[in-house]
J.: 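Take a look at the following structure, please.
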Amino acid sequence: MAPLLQSSQPWVEKYRPKQVKDVAHQDEVVRVLTNTLETANCPHMLFYGPPGTGKTTTALAIAHQLFGPELYKSRVLELNASDDRGINVVRTKIKDFAGVAVSSGQRQGGYPCPPFKIIILDEADSMTEDAQNALRRTMETHSKVTRFFFICNYISRIIEPLASRCAKFRFKPLSEEVMSKRILHIGNEEGLSLDGEALSTLSSISQGDLRRAITYLQSAARLFGSSISSKDLVNVSGIIPQEVVDALFVACKSGNFDTANKKVNNVLAEGYPVAQMLSQIFEVVIEDNDLQDEQKARICKKLAEADKCLVDGADEYLQLLDVVSQTMQVLRSIQL
Amino acid sequence: MLWVDKYRPKTLDQITVHQDVAQNLKKLVNEQDCPHLLFYGPSGSGKKTLVMALIRQMFGPSADKVKVENKTWKVDAGTRTIDIELTTLSSANHVELTPSDAGFQDRYIVQEIIKEMAKNRPIDSKGKRGHKVLVLNDVDKLSREAQHSLRRTMEKYSSYCRLILCCNSSSRVTEAIRSRCLNVRINGPTEEQIFKVLEYIGKKEGLQLPSGFASRIAEKSNRSLRRAILSFETCRVQQYPFVSNQAIPPMDWEEYITEIASEIMKEQSPKRLFQVRGKLYELLVNCIPPEIILKRLLYELLKKLDAELKHEVCHWAAYYEHRMRLGQKAIFHIEAFVAKFMSIYKTFLISTFG
């Protein structure tokens, strides 16, 4: 007897805005793009901003609204980081697609259908510099029939010549009210009951990333049913409870190495991810008013080093112990 | 049969240590809405037991009939073909494998083999299309590229293939994968829980447990249930009936490292370093992972040091462990740590005692 696992659609996809005007919180971008829809003309665009703010959503929505379902396939090329995007692809696939001529603009079935194609390069900051360089000339020569949309998190990783050819739009992190409104809307649709505390917890743990908030919400709903408390959300998100972090920091302040060592062992045995621990210690350190600036700076430097080591695959226990012991030394050195 | 296997819970209902997690998983299966899962936690906490019980809950007793296969895959990697040997454990509905076994070629396993497995859809006796579960162990040891390739596979075949990932630390799994899975943290059982399990096994085996004996084993186990049960069984073999002050034998490699540590403490000289090297080599040859050697060595050294030196020593341990991860030969870095320790300790001794 095989069970039937329903292929339930992630809510992130289910509630993705279909139209540009539904995109939350990004007023300037929406205004410019609505204008585009009317005039059926637009420059190359570069969307940048932190994850989960609606960059991909906006790009897909505008493409759909310009061309409609029929022409979409032939007019839009979507490439993201999971596709191969080395220099060869830029030289062949993108260039070929960019070079194809299109029929001049006639409205079809209520869609503007402007006389150009769109190439959406998602996560463009992970493209190599060579690949980006190869794009420069392509963008110019085919500008009559092709528009490029670049989407990235860090504008600094896009080479200057490309950035200067585009109209840039910054997507800002979502404010708490906007996020709460959207979450409440989804909650209502799915028949969830959320109290005020859960809502504010959700906004704070997701840090302006709506996608993350929705994913957490869905995981919590799957595990704990339709009434969700803030504790359930913390549980699902993999955030370390604040008590644990505070306890570790207090142990650092106590100056006793063995107590701190025991605490570190405990954190590991509970299975908390150390990378997460580091970022939460970071927050505690920043907000601690008893510390002097120099102490904070030293601790943060150590945190950064440990984080780099973790990325390289170093052992979690040793790194956390190192951070804790250095923090203890820093705390002691200036108090004396 | 070892007690570890004999008393391994078979169904989600039998699980005692992580009851709440088990009940949640059961709910997921019953609601037929099971997402990809990522289990993380320290070793010996019961990840694998939970996964096996979960698969049983999904597919019924047929999941117990597993066969081990050792197959060589030919993978086409652009200009040449690579042979990859891979051991899999499979039943009608699930396949279990450890992709990181292939070392730096793990990318091909993810891109080709896992994709191939995910594509094939099992058909049950009534001709209905079933579902498939892939269990991947040690995902934290996968290379970056392999993890990136995995994320696309996860999305593409999500309608009929579920991935269950197991790892020790979720920091080494990329955010992209974590956000696609339901993350389940499995903490190490508390000493009290271990104590209860040991008592239960003792009762089932009809053993007389002197008071305080089980709790001493639990204390020594480092919150790893597997280790606790194993050392319990060792004690049973060594001496029965138990006496209340019976020694709990440590692992022999641990004893060996204790020996090394005390040797280092006794004398700090190039000659001693040379002797220690021989011992370290012996540990490495016996397949004790280098990072565990280093960690244990640090643990032993910390026990004997003054508080002042502890900070410095643990800093250098972290430093050399990181180096070891970047480098190729572990022995260099362990030895460098030993040498560094000797120099620190010697300086300390000279400055205190002149």
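Each chain gets a letter, A, B and so on, in the order its sequence line appears, and its residues count up from 1. Below, each value reflects all heavy atoms present in this structure, side chains not excepted, and no hydrogens, waters or symmetry copies.
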J.: Near B:Arg56 CZ, under 6.0 Å, is it more than 12 heavy atoms from other residues, nucleotides or ligands?
T.: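 Counting neighbours around CZ of B:Arg56, more than 12 heavy atoms of other residues, nucleotides or ligands fall under 6.0 Å, so yes.
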
J.: Going by side chain to side chain contact (heavy atoms under 4.5 Å, CB included), name the residues that satisfy it together with A:Ser229, two or more places apart in sequence or in a different chain.
T.: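 Testing A:Ser229 for side chain to side chain contact (heavy atoms under 4.5 Å, CB included), a comparison that skips the adjacent residues, returns A:Lys231, A:Asp232.
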
J.: Tell me, out of A:Pro51, A:Ala275, A:Ala269, who's got the most heavy-atom pairs with chain B below 4.5 Å.
T.: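 It is A:Ala269.
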
J.: Minimum heavy-atom separation for A:Leu268 to B:Pro42, with atom names?
T.: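 Looking at all heavy atoms of both residues, the shortest contact is O-CG, 3.7 Å.
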
J.: Where on A:Met277 is there a heavy atom nearer than 4.5 Å to chain B: the side chain, the backbone, both, or neither?
T.: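 For A:Met277, there is no contact with chain B at all, as no heavy atom is under 4.5 Å.
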
J.: Atom CD of B:Glu321 and atom SG of A:Cys309: how far apart are they, to the nearest 0.5 Å?
T.: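 Nearest 0.5 Å value for the CD-SG distance: 9.0 Å.
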
J.: For the residue pair A:Pro273 and B:Tyr40, what are the closest heavy atoms and their distance?
T.: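 Scanning both residues, the minimum pair turns out to be CD-CE1, 3.8 Å.
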
J.: Roughly how far apart are A:Arg332 CZ and B:His311 NE2, rounded to 0.5 Å?
T.: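 Nearest 0.5 Å value for the CZ-NE2 distance: 4.5 Å.
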
J.: With a 4.5 angstrom heavy-atom cut-off, could you sort out which part of A:Tyr272 is near chain B: side chain, backbone, both or neither?
T.: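 When you check distances to chain B, atoms from both the backbone and side chain of A:Tyr272 fall under 4.5 Å.
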
J.: Can you measure from OG1 (A:Thr215) to CG (B:Leu182) and round to the nearest 0.5 angstrom?
T.: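 Output value for this atom pair is 11.0 Å.
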
J.: What distance separates B:Asp306 CG from A:Phe257 CZ, expressed to the nearest 0.5 Å?
T.: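 Between atom CG of B:Asp306 and atom CZ of A:Phe257 there are 12.5 Å.
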
J.: Name the region of B:Gln57, side chain, backbone, both or neither, that has any atom closer than 4.5 Å to a heavy atom of chain A.
T.: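 No part of it gets close to chain A.
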
J.: Using a cut-off of under 4.5 Å on heavy-atom pairs, state which of B:Gly41, B:Gly44, B:Ser43, B:Ser169 scores highest against chain A.
T.: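 It is B:Ser169.
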
J.: Of the backbone (N, CA, C, O) and the side chain (C-beta and beyond), which part of A:Ser219 lies under 4.5 Å from a heavy atom of chain B, both, or neither?
T.: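 When you check distances to chain B, atoms from both the backbone and side chain of A:Ser219 fall under 4.5 Å.
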
J.: When rounded to the nearest 0.5 angstrom, what distance separates CG in A:Leu321 from OH in B:Tyr299?
T.: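 Going from the CG atom of A:Leu321 to the OH atom of B:Tyr299 covers 13.0 Å.
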
J.: What's the verdict on side-chain contact (heavy atoms from CB on, under 4.5 Å) for B:His315 and A:Lys302, showing C-alpha distance, side-chain angles and the deciding distance?
T.: CA-CA 11 Å; B:His315 168 71; A:Lys302 188 62 219 165; 4.1 Å; yes

J.: Can you tell me which of B:Cys181, B:Ser171, B:Ser224 forms the most heavy-atom pairs within a distance under 4.5 Å of chain A?
T.: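 Ranked by contacts with chain A, first place is B:Ser171.
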
J.: So if I apply the side-chain contact (heavy atoms from CB on, under 4.5 Å) rule between B:His322 and each of A:Asp315, A:Leu310, A:Asp312, A:Leu318, which one comes out positive?
T.: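 Filter result, single survivor: A:Asp312.
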
J.: Would you list the pairs meeting salt bridge (charged side-chain N to carboxylate O under 4.0 Å, His left out) in which at least one residue belongs to residues 269-284 of chain A, sequence neighbours left out?
T.: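 Residue pairs with at least one partner in residues 269-284 of chain A: A:Glu270-B:Arg185, A:Glu270-B:Arg223.
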
J.: Kindly check if the number of other-residue, nucleotide or ligand heavy atoms within 6.0 Å of NZ (A:Lys263) is above 12?
T.: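 Open.
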
J.: Using non-hydrogen atoms and a 4.5 Å limit, figure out which bit of B:Ala307 sits close to chain A: side chain, backbone, both or neither.
T.: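 Nothing of B:Ala307, per the 4.5 Å heavy-atom cut-off to chain A.
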
J.: Step through the shown structure and confirm whether more than 12 heavy atoms of other residues, nucleotides or ligands are within 6.0 Å of CZ on B:Arg325.
T.: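 Buried by this count: over 12 neighbours within 6.0 Å.
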
J.: Should we count NZ of A:Lys301 as having more than 12 external heavy atoms under 6.0 Å?
T.: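 Atom NZ in A:Lys301 is not packed in, count stays at 12 or less.
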
J.: Flag the one option from B:Leu298, B:Asn168, B:Leu302 with the top tally of heavy-atom pairs under 4.5 Å to chain A.
T.: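 Looking at each option in turn, the highest pair count goes to B:Leu302.
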
J.: Rounded to the nearest 0.5 Å, how far does OH of A:Tyr216 lie from CG of B:Asn183?
T.: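 Answer for the CG-OH pair, B:Asn183 versus A:Tyr216, is 8.0 Å.
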
J.: Can you tell me if A:Lys262 has over 12 outside heavy atoms packed within less than 6.0 Å of its NZ?
T.: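 No - once you tally the heavy atoms of other residues, nucleotides and ligands closer than 6.0 Å, there are 12 at most.
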
J.: Given heavy-atom pairs under 4.5 angstrom as the criterion, report whether the side chain, backbone, both or neither of A:Asp258 touches chain B.
T.: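 Contact with chain B: side chain only.
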
J.: Heavy-atom distance under 4.5 Å to chain B: side chain of A:Asn261, backbone, both or neither?
T.: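 When you check distances to chain B, only side chain atoms of A:Asn261 fall under 4.5 Å.
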
